[in-house]
2 protein chains.
Amino acid sequence: MKNEPDLSAQIAKSIRDAIVVGDLLIDERLPSEAELSEQFAVSRSTLREALKRLAAQSLIRTQRGATGGAFVNRLTFEQAYGQQITTSALLLSMNNIDFKTACEARFALERACAPLSAQRRTINHLGAMLAEIDRQAQPGLSDEAFCASDVAFHRALVDGAGNPVLSYQLAGAIEAIEPLMNMITFTTRSRDQIVRIHTEIADALTAKDAPRVDNLLADLATYTAQLGQSVADAKKRCRKKQLL
Amino acid sequence: MKNEPDLSAQIAKSIRDAIVVGDLLIDERLPSEAELSEQFAVSRSTLREALKRLAAQSLIRTQRGATGGAFVNRLTFEQAYGQQITTSALLLSMNNIDFKTACEARFALERACAPLSAQRRTINHLGAMLAEIDRQAQPGLSDEAFCASDVAFHRALVDGAGNPVLSYQLAGAIEAIEPLMNMITFTTRSRDQIVRIHTEIADALTAKDAPRVDNLLADLATYTAQLGQSVADAKKRCRKKQLL
DNA sequence: TGCAAAAGAAATGTCAGACATTTAAACATC
DNA sequence: GATGTTTAAATGTCTGACATTTCTTTTGCA
């Protein structure tokens, strides 16, 4: 019952540590696969598996050709967003997180941005939000498109805080819960109600009225939680009926 | 100038999508490497590189032996914490995020938890916080240990909100900024000041006084930002001196 | 019969070597 | 000097072999 990790995992950890502590700088080229496999005394295949592990975490990128090789990759906010959203979505779905918990976390985080956003939002942010509200008010909009627009609206609100770290942290919370919100899209949601609240939020942000934004987000949280609850109740009734 | 991703990346994406949409269930065994390499019409090495990519994201785990193979892995909060902290730390260090921005994000997020924590914190959370405060007050404590205890204190505060999703989202914010806070540890920080605020926070949480917790966190944010500013100023003066 | 040891089978882990493809630089030709 | 060709270096892919781990099956012995 040996429980040592793979050689490829060990090597990946070794290189990852070198990147984290700064022994390898951004855009620096790693030695070639041939050299590295000699250094670590493993075959090229094993070493390549280690490099693929690092590539999967966006820690390195590879180029083919004469001057190619593996380079330490600057982790962009874009890449980090993507990873966070995937991880968060899987975490929620794989651990049976109930809607109430996810919803509570999401709005708690978003409300943390509200005061900053009320203070710093630019014309661009307000414009983006109003554009999304217009889209949401269109009658023919599909459920998917409405949901995407909803996400874009809240994304603009968060970005309005002008803090990229905050935007990154929020990406997971907002975009990963989108699938959960889809659960209730087809049943009891009132688009008018949501558009109304969104409009008021945009107004409050325009007026830089932070407390009002906070109150409105609280309203939205309550409304969303209610929808989730009613769907859950409906499901329970449905199950009972089936049992009879 | 072909720009297609590797076969291993394509295959990894294909399997990852199958997991995300639920075609592959948790703990389900994937076909053997031999079967998969036949299905995707690639060699076993290429397929293995794809599997390593997935393993790097904790999406699968592998077992050796007769009944072994690759299994869809339940992503635990623990694993997700770890990934988030690594990603956040790299994101901050690789993009030259200034202390002010990171600090602002961190405290904005933590303050989002404060009302919930004031309401729901248990004896255990309060006990953990008091224990950390005691440790922080010990004279002989090393800077690293003080910093770790500081993180543990805030972690307990966040966990007090009783929302695992929130705790997960905050893990990155709090633990990734620890290295940044170390920057200022050795210079101007007053442990007494911090212990005093921590004590007051614990008192306020005991009394379930949410607004007071919020105010105290704001104080701590201000104090920390000041420290960061003073260190930055000192550095600037130092550079100027060197130029003369 | 019962049980422990040995053999077998199936899977991943590792290695070695070959060939394909891409890319940039060096070279040659006009 | 511009342009096309060759060459070299690197990653990407394939094949086949062997090592190791782990469970199952069989065998052998008391």
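Below, read A as the first sequence line, B as the second, and so on, with proteins coming before strands; counting in each chain starts at 1.
- In this view, Asn95(B) satisfies the side chain to side chain donor-acceptor pair (under 3.5 Å) rule with no residue, not counting sequence neighbours.
- Remark: the Arg44(B) side chain and the dG16(D) base include no donor-acceptor N/O pair separated by less than 3.5 Å.
- Backbone-only engagement by Thr67(B) is indicated by non-hydrogen atom pairs under 4.0 Å involving sugar-phosphate atoms exclusively.
- By the salt bridge (Lys or Arg N to Asp or Glu O under 4.0 Å) test, Arg121(A) pairs with no residue at all, sequence neighbours left out.
- Across the protein-nucleic acid pair, Ile60(B) atom CD1 and dT12(C) atom P stand 10 Å apart, rounded to whole Å.
- Shown here are the salt bridge (Lys or Arg N to Asp or Glu O under 4.0 Å) partners of Lys100(B), two or more places apart in sequence or in another chain: there are none.
- At a non-hydrogen distance threshold of 4.0 Å, Arg29(B), Ser32(B), Glu33(B) from residues 28-36 of chain B come into contact with DNA chain C.
- Using a 3.5 Å distance cut-off with no hydrogens or angles, the side chains of Asp159(B) and Ser167(B) do pair a donor with an acceptor.
- Across dC15(C), dA19(D), dT22(C), the shortest atom-to-atom separation from the side chain of Val42(A) is found for dC15(C).
- Residues Ile19(A) and Met94(B) come closest through the heavy atom pair CG2-CE, 3.8 Å.
- Listed pair Ser43(B) / dC14(D) meets the phosphate criterion, a side-chain N or O lying under 4.0 Å from OP1 or OP2.
- At a cut-off of 3.5 angstrom, counting only N and O atoms as typed in the model, there is no donor on one side facing an acceptor on the other between the side-chain of Arg64(B) and the base of dT22(D).
- In this structure the side chain of Gln169(A) reaches within 4.5 angstrom of the side chain of Gln84(B), judged on heavy atoms.
- Looking at which nucleotide of DNA chain C each of Asp6(A) and Ser45(B) is closest to, the 5′-most match is held by Asp6(A).
- Taken over five-pair windows at either terminus, the axes of the helix from dT1(C)-dA30(D) to dC30(C)-dG1(D) are inclined to one another by 20° (rounded to 10 degrees).
- Of the residues in residues 46-56 of chain B, those lying under 4.0 Å from DNA chain C by heavy-atom distance are Arg48(B), Lys52(B).
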